[in-house]
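Written below as structure tokens is the structure these notes are about.
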Amino acid sequence: MAPHTRLDHRNPLVFDTHELGRRPGALQRLTRTIDAPKDLGIEGVIGVPEGASVELELRLESVMEGVLVTGTARAQAEGECVRCLEPLQLDVEADFQEMFSYPDADDRGRVKAEPADDAEDDEDRLFLEDGLFGLEPVLRDAVVLALPMQPVCQEDCPGLCSQCGVRLADDPDHHHDAVDIRWAALQGLAGTTSDEKDEMSGAEPGVDEKQEK
Ligand SMILES: [Zn+2]
Ligand SMILES: [Zn+2]
């Protein structure tokens, strides 16, 4: 039997299906704007901040075994670009569809003698509780699926300079002379005795030192 949490009808993510009157084929459409619950997103990557508005559009359809809920959630997520670490905002639109079954009906809608006793079948099913259903877990799964695991500020974000850390999108012509600091030091040394320069450039700096260890 699925664990029952008591649903509070005052919770904006709890919906009432009584209007459908348990008549298969009956349809109800509704929209609701709610405050985002906490942890609506991918932790540490991107998500809808707690309390930000989430627009919900729902279609409730009465079917034999319960109520089929189809909907869309729209909100603005916040995170940071994985390449350049700039904060970013992203409009997220998440679609979902979920079946909420009558606890006393089997999957053909027949009323069972003993409610919800076939535990294997019921584990993944969601149930109406006194005609109410809680959308929060469905909304959370849908939003997580709709969000990018690797958000970027722009599709071709060039990221950060590996040498100095500057954001390359702000400075497209940015470059460093391809001279290693160790070479610069060597060249400085070689500057006084320019004849030896070619000889020295053949050897990796620090190689002898490493071999001794
Ligand atoms: Zn970026
Ligand atoms: Zn740089």
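Counting starts at 1 for both ligands and their atoms, following the listed order.
- Here the Zn ion (ligand 1) is the vertex; the SG atom in Cys157 and the SG atom in Cys84 give an angle of 110° (to 10°).
- Side-chain contact annotation: Thr70 with Gln97, donor-acceptor N/O pair under 3.5 Å present.
- Residues Val69 and Val138 fail the side-chain proximity criterion, which asks for heavy atoms closer than 4.5 Å.
- Looking only at distances, a side-chain donor or acceptor of Asp8 sits under 3.5 Å from a matching main-chain atom of Arg10.
- Atom CD of Gln154 has more than 12 heavy atoms from other residues, nucleotides or ligands within 6.0 Å.
- With the Zn ion (ligand 2) as the vertex, NE2 of His176 and SG of Cys164 span 110° to the nearest 10°.
- Contact annotation: Cys161 places an N, O or S atom under 2.8 Å from the Zn ion (ligand 2).
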